[in-house]
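Because the structure is a prediction, the values reported are computed rather than measured.
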Amino acid sequence: MSEAGVNPPSAPGPSAPGPSAPGASDSAAGGPPPGGAPSRHQRSMAGMIGAMLITLLVILGFVALRGFTRDQVETEVPPVDYLDAVGAAADAGLALAHPRELPAGWRATSVDLTRDESPEWTMGMLTDDGRFVGIRQEEESADDMVVVALDEDAVEGDEVTVPSDLADTWTTWSDDGGDTGYAAELGDETVLVYGSAPAEDLEEVIALLQR
């Protein structure tokens, strides 16, 4: 038999796809990733929660810093040399009520002299506990002065004896907020010592007053 009549065997065609491995189609279709790793949605939620916690910590830190700064400003008022102001007023012929010295730990924080037809003198101090004590000297009645220095509803109390170079008898005043005042008339003028400090602190500075 001649070889010309024999056809060569045909090449095998493509094989039919077999059954896919379990889980392969799930991964390709966006199903849960293998190994139990968190999904993209879970990662996004965790990131949002983390960002919120960081923001909250920043806000709390800012609030605490503001409170600390405010306290520092309130308690670190620079002192003033009130004796310079008193001396300058004396050179101009004005006698101002002032303590000859401050109690230990106290500091003067403000002075103000208004030289109009009726001069007005004010001096502010802080005690060693940071409580306020003020001195006012004006050609006004005590009733009018306590409205400005204490409260319009301040109540007049008893007269007390606190010896000083200015006066020995002082009229007490108080308001609902806990502030106290001591007033004494000196001719046409009134001197008022007042503040949030305890009464014994006010009486201590009264005993040091002079003009």
Side-chain angles (χ1 to χ4, degrees), residues 71 73-211:
D71 291 342
V73 171
E74 290 176 355
T75 58
E76 295 180 4
V77 179
V80 299
D81 190 344
Y82 70 95
L83 292 176
D84 280 352
V86 170
D91 292 340
L94 297 175
L96 305 180
H98 66 281
R100 59 179 176 268
E101 62 182 7
L102 294 178
W106 290 36
R107 64 183 185 275
T109 56
S110 64
V111 293
D112 183 63
L113 176 61
T114 302
R115 298 184 59 181
D116 295 329
E117 295 181 359
S118 57
E120 298 179 3
W121 160 249
T122 60
M123 174 180 171
M125 296 163 281
L126 288 178
T127 69
D128 53 349
D129 291 331
R131 307 295 289 273
F132 174 77
V133 175
I135 299 173
R136 297 181 70 94
Q137 177 181 329
E138 302 177 30
E139 292 182 3
E140 298 286 351
S141 67
D143 302 65
D144 292 335
M145 292 174 66
V146 296
V147 169
V148 177
L150 296 179
D151 188 271
E152 61 181 7
D153 296 325
V155 178
E156 183 177 352
D158 298 329
E159 290 187 348
V160 296
T161 299
V162 185
S164 73
D165 289 348
L166 296 187
D168 293 336
T169 302
W170 298 78
T171 303
T172 59
W173 294 81
S174 60
D175 63 17
D176 291 339
D179 293 337
T180 306
Y182 291 74
E185 294 183 0
L186 307 176
D188 295 334
E189 296 180 318
T190 301
V191 173
L192 176 67
V193 179
Y194 64 99
S196 60
E200 53 266 27
D201 286 346
L202 300 181
E203 294 182 5
E204 183 178 6
V205 76
I206 287 175
L208 297 171
L209 290 181
Q210 61 182 17
R211 289 209 296 179

With sequence neighbours left out, the residues meeting salt bridge (Lys or Arg N to Asp or Glu O under 4.0 Å) with Glu189 are Arg211
Next item on the list: Could you tell me whether Glu156 atom CD has more than 12 heavy atoms of other residues or ligands within 6.0 Å of it?
Entry: yes
Residues pairing under ring pair (Phe, Tyr, Trp, His ring centres under 6.0 Å) where one sits in residues 141-161, two or more places apart or in two chains, turn out to be none
Contacts of Thr161 meeting side chain to side chain contact (heavy atoms under 4.5 Å, CB included) (sequence neighbours excluded), chain-then-number -> Pro163
In short, ring pair (Phe, Tyr, Trp, His ring centres under 6.0 Å) pairs touching residues 135-177 with sequence neighbours left out are none
Applied to residues 166-181, the salt bridge (Lys or Arg N to Asp or Glu O under 4.0 Å) test, sequence neighbours excluded, yields none
Residues pairing under ring pair (Phe, Tyr, Trp, His ring centres under 6.0 Å) where one sits in residues 96-149, two or more places apart or in two chains, turn out to be Phe132-Tyr194
Contacts of Asp81 meeting side chain to side chain contact (heavy atoms under 4.5 Å, CB included) (sequence neighbours excluded), chain-then-number -> Leu83, Asp84
Tyr182 meets the ring pair (Phe, Tyr, Trp, His ring centres under 6.0 Å) criterion, sequence neighbours left out, with none
Across all chains, not counting sequence neighbours, the side chain to side chain donor-acceptor pair (under 3.5 Å) partners of Thr169 are none
So salt bridge (Lys or Arg N to Asp or Glu O under 4.0 Å) across residues 127-139, not counting sequence neighbours, yields Arg136-Glu138
Side chain to side chain contact (heavy atoms under 4.5 Å, CB included) filter on Arg115, not counting sequence neighbours, yields Ala92, Leu94, Leu113
The salt bridge (Lys or Arg N to Asp or Glu O under 4.0 Å) partners of Glu140 (sequence neighbours excluded) come to none
